[in-house]
Amino acid sequence: MGTERGNWNSQLGFVLAAAGSAIGLGNLWKFPYITWHNDGGAFVLVYLLCILMVGLPIMMAEILIGRKTQKSPVGAMIEAVGRRWAWVGGLGVFTGFVILGYYSVIAGWTLRYFATCIGWSFKGFESSESTGDAFNAFAANGGLQLMLCGAFMFVTVYVVRRGIGGGIEKVARWLMPVLFAILVLLLGSALSMDGAREALSFIFMPDFANLPATGVLEALGHAFFTLSLGMGAMITYGSYLSHKQSVVRASAIVVALDTLIALTATTIMFSVIFSSPGMKEQISGSTVGMLFISLPELFYTVVPMGSILAPLFYVLVAFAALTSTISLMEVIVSYFIDQRKMPRAAAAWMCGLGTFILSALCALSFGGVPWLSRFSWVYRGTDGAKEGLFQHLDYLASNWLLPVGGFFITIAVGWFMTRESTEAELVADDNPGWFYFPVWRFIIRYVSPVAVALIIIFVIRGKDFS
Ligand code: PHE
């Protein structure tokens, strides 16, 4: 088993892989969208508080469980707090499957938009191809959808099959620096645009009169999604971390990078949108509208050097999504390696095939297959936009699975692991924890569970955070 499990080659490799998991479509697709419809500033401030008060402590808790037990979520929960907790790990594996099912569909879209932008950059921009109708026709093209998400899934499996140090870490070491570099280029261009000032004040000037009450809980729900918490991804990645490496420092860096990237991406997108007269009013209400309908056109009509930056932007989104799908897949695959004693390669291909079946159904739920597109089960949307399998899985994962998983992880670590055992993981010789350890322990026992319980109660009463 030891050889099948593997290890990170270095602390940097782990940090980049964990940051790769955290930084993804949550930062580039969801965060800008929810910031937009929650009216900016005040929402962003609340989100930052949630990241600091709930996200960071739970990140530490998850990595701690993983590093301590050196096992993937099911085995880790059993070893850390006992057999009765195995289901929390199992829920994580199931959640990974659900998220991967719909996430890979959007990830696949980035490939198509990359190709389209390359075409536009060389042959000239065609406005007829960038309308909402053109997008809907693309989304409803079942064959193409299957191909795109299939391709994405294939690459994901290919990397996961190669293991931790030689696959996941290697890819993260290459892709993350490229991602940061592209983002800096984009930021430079965006800040030179007319709309930059307005964008910055929209994002960073809080006006609490504009914050909808439910925005607070939406911010908290998104903190889980964006940091890959509540489903064991960080337990799994932590389980390949050696005892020499610091949980606290790694968690802090990952959380800081994720937050920085979310804010940078949002600044870029809003600068572009605010630079185009009339665009503010036009931003479509759909969650995918900003990234796939409004932005592609704006790159070619308002962004300086847009024809170079547009393809780079979609490469960035694709890379960010890939390092996240890898971590989702690794949670599922590591379950079969650790608990079912399967060889990695077999586990990876089997899980890839299994999740592809779900992705295929999702990919066809944008009009490709009518009953999947109108599917209405856990969530009965009052607006048509909430119909369909894709929307349902996102709703199920963001509103139920992640908060419930996160809640039980905080309870397990805060109340069922001893103070000594958590202290031994978080406090290293060169790093006296007298300052942060009591604060962390207080938060993980009281603040985080109450905050997460609040989300769950709100969801039960009918609020949607997806
Ligand atoms: N954190 C990823 C993102 O922001 C999504 C994700 C959630 C990945 C849960 C792994 C586990 O896109």
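Since the model is a prediction, treat every value here as computed from it, not as a measurement. As the structure lists them, so they are numbered: ligands from 1, and atoms in each ligand from 1.
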* Looking only at N/O atoms, are Ser228 and ligand 1 under 3.5 Å apart anywhere? -> yes
* To do: Measure Met231 to ligand 1 on non-hydrogen atoms and call it side chain, backbone, both or neither using the 4.0 Å cut-off.
  => side chain
* Structure fact -> protein heavy-atom neighbour closest to atom 4 (O) of ligand 1 works out as Ala22 O, 2.9 Å
* Structure fact -> Nearest non-hydrogen protein atom to atom 12 (O) of ligand 1, with distance, is Tyr103 OH, 2.4 Å
* Asked: Under 6.0 Å between ring centres, would you say that holds for Phe31 and Trp36?
  -> no
* No-hydrogen, no-angle side-chain donor-acceptor test under 3.5 Å, Asp394 and Ser398 -> yes
* **Phe204 atom CZ: more than 12 heavy-atom contacts under 6.0 Å** => yes
* Result of checking Trp109, Phe135, Phe292 against Phe366 for ring pair (Phe, Tyr, Trp, His ring centres under 6.0 Å) -> Trp109
* Does the pair Arg344/Glu330 count as a salt bridge with the N-to-O cut at 4.0 Å? -> yes
* Asked: So, is Ala233 polar-close to ligand 1, with some N/O to N/O distance under 3.5 Å?
  -> no
* To do: Under 4.0 Å from a heavy atom of Ser21: give me the atoms of ligand 1 that qualify, with their elements.
  => 1 (N), 2 (C), 8 (C), 10 (C)
* Asked: Between Phe225 and ligand 1, is there a nitrogen or oxygen pair with a distance under 3.5 Å?
  -> yes
* Structure fact -> For Ser327, the ligand 1 atoms with a heavy-atom partner under 4.0 Å come out as 10 (C)
* To do: Would you indicate whether Phe180, at its atom CZ, is surrounded by more than 12 heavy atoms from other residues, nucleotides or ligands within a distance under 6.0 Å?
  => yes
* Measure centre to centre between the rings of Trp415 and Phe408, then say whether the value is under 6.0 Å. => no
* Provide the number and element of each atom of ligand 1 under 4.0 Å from a heavy atom of Gly26. => 3 (C), 4 (O), 12 (O)
* Asked: Does at least one non-hydrogen atom of Trp29 fall below 4.0 angstrom from an atom of ligand 1?
  -> no
* **Residue from Leu263, Thr226, Ile253 passing side-chain contact (heavy atoms from CB on, under 4.5 Å) with Asp258** => Thr226
* If we only count N/O pairs under 3.5 Å, is Leu227 in contact with ligand 1? -> no
